[in-house]
Amino acid sequence: KEKGFTLITYNTQVQLWSLLTHCLETVVTDHGHPVTAVSLASLSGGQVLVLSGSWRQEVRIYSQRDKSNLPSVRLPR
């Protein structure tokens, strides 16, 4: 069964919601600062990555398949 997802930012959190069940799948991350960008990336094999950035110039990557965060990346100023 194919899943559809949407991302919602709430305060400093990035949340992943299922469009089929209308339920919160997970809180992807809490940046602790305002979120400035979010994106979903669909990879081969059905893997979905959630990428998010904050005012701290930090990019966080979450693997929906593995339900885990990959190492974050700090961008230079």
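Any value given below was found using the heavy atoms of this structure, including those in side chains, with hydrogens, waters and symmetry copies removed. This is a predicted model, so every value here is computed, not measured.
Residues satisfying the side chain to side chain donor-acceptor pair (under 3.5 Å) criterion with Asp30, sequence neighbours excluded, are Thr12. With sequence neighbours left out, the side chain to side chain contact (heavy atoms under 4.5 Å, CB included) criterion links Glu58 to His31, Ser54, Arg56, Arg60, Ser72, Arg74. For Asp66, the side chain to side chain contact (heavy atoms under 4.5 Å, CB included) test picks out Ser63, Ser68, with sequence neighbours left out. Partners of Trp55 according to the side chain to side chain donor-acceptor pair (under 3.5 Å) rule, which considers only residues two or more places apart in sequence or in another chain, do not exist here.
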Could you give the side-chain donor-acceptor pairs of residues 34-44 under 3.5 Å, partners two or more places apart or in another chain?
residue, atom, partner, partner atom, Å
Thr36, OG1, Gly53, O, 3.4

| request: Under the side-chain contact (heavy atoms from CB on, under 4.5 Å) rule, what do Val28 and Gln15 come out as? Steps first, then yes or no, please. | output: CA-CA 5 Å; Val28 171; Gln15 302 174 350; over 6 Å; no

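From Gln13, atom CD reaches atom CG of Leu7 across 13.0 Å, with rounding to the nearest 0.5 Å. The structure places CG of Leu70 at 9.0 Å from CG of Leu51, a figure rounded to the nearest 0.5 Å.
A heavy-atom distance below 4.5 Å is found between the side chains of Gln64 and Leu16.
If you chain together ILVMFWY residues whose side-chain heavy atoms come under 4.5 Å of each other, Leu24 ends up grouped with Ile8, Trp17, Val27.
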